[in-house]
Each structure stands twice: as C-alpha cells, then as structure tokens.
Amino acid sequence: MATDYDAPRKNEDDVSEDSIEELKSRRVDKSSSSVDVDETEHAEGFELPGADLSGEELSVRVLPRQEDEFTCSKCFLVHHRSQLAEEDGGLPVCRDCA
C-alpha cells in the first residue's frame, strides 16, 4: 500500500484532542500517577553544615597504593601511571594539574 506523504496527518478528531486543555489534563494525569516519595528519605542523605557526626562510623575498605599508581604532588590524589603528565622537581604531576 502506497503512502501519501503530502496528505495531512491529523484528522479533525485528533485536532480536538490536542487542545491546550486536553494537553494540560494529560500532564496532570501523568504527574498524579507518579510514585509518591517520602521527602524525609531523600533528606537523610544530605548533611547540614555543622551537623554533629561524632556518632557516625565510617566503614570503607582502603587499599594501599598499587605499583602502577602514583600520588600527584599538587592535588595529592592517587592516579594510574597512564595519568602521569610530568615530573616537577622529581615529583610526579598528573594530567589534570599539569
């Protein structure tokens, strides 16, 4: 079956459906179907400046620097050897700091 690309794509029923009021009601319907999220759950992840963190315990596994890594002498971050840009006075400098 051949397709006439010059023909109008919407008929009169489609035009009435796409009125401003109809589109607004669709947007309201979509937002009402979203999952309600408790705002306090999201707020727990944020820390306020000056918050008392003395009762918090940090549980992170720290690995020592590997043989193929270096510590940048400017930003003091550990990078892979592929990030080595130059040595400034015998001290390694990463690409970000160079």
Side-chain angles (χ1 to χ4, degrees):
M1 179 170 134
T3 304
D4 183 12
Y5 291 104
D6 294 328
R9 294 186 183 201
K10 293 185 176 185
N11 57 24
E12 293 174 15
D13 295 335
D14 293 338
V15 172
S16 66
E17 282 184 339
D18 291 342
S19 67
I20 293 290
E21 291 79 20
E22 179 70 26
L23 293 173
K24 285 181 181 178
S25 68
R26 285 185 195 170
R27 184 175 60 192
V28 170
D29 292 342
K30 286 182 183 178
S31 65
S32 65
S33 66
S34 66
V35 177
D36 292 333
V37 178
D38 188 12
E39 292 177 7
T40 56
E41 280 185 26
H42 287 295
E44 288 176 3
F46 298 109
E47 295 296 332
L48 298 175
D52 181 22
L53 300 176
S54 61
E56 295 295 322
E57 196 171 308
L58 186 62
S59 58
V60 176
R61 184 175 163 211
V62 178
L63 297 175
R65 189 178 71 210
Q66 305 297 311
E67 291 180 15
D68 60 344
E69 295 175 334
F70 70 97
T71 303
C72 177
S73 61
K74 303 218 183 226
C75 65
F76 303 105
L77 294 175
V78 176
H79 296 279
H80 188 265
R81 281 278 172 207
S82 63
Q83 296 295 315
L84 181 63
E86 60 186 36
E87 290 197 11
D88 185 21
L91 299 173
V93 178
C94 69
R95 289 183 184 173
D96 294 334
C97 295

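Computed from a predicted structure; not experimentally measured.
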The remaining residues in the hydrophobic cluster of L84, counting side-chain heavy-atom contacts under 4.5 Å among Ile, Leu, Val, Met, Phe, Trp and Tyr, are F70
Residues at least two apart in sequence or cross-chain that pass side-chain contact (heavy atoms from CB on, under 4.5 Å) with L91, listed by chain then number, are S73
Residue pairs meeting salt bridge (charged side-chain N to carboxylate O under 4.0 Å, His left out), one or both in residues 85-98, sequence neighbours left out, come to K74-D88
Cut-off 3.5 Å, no hydrogens considered: what does the side-chain donor-acceptor table look like for residues 59-66, sequence neighbours left out?
from, atom 1, to, atom 2, distance (Å)
R65, NH1, T71, OG1, 3.2
Q66, NE2, P64, O, 3.0

Between C72 and C94 the two heavy atoms that sit nearest each other are SG-N, 3.4 Å
All heavy atoms of R81 vs all of E67, minimum pair found to be NE-O, 4.5 Å
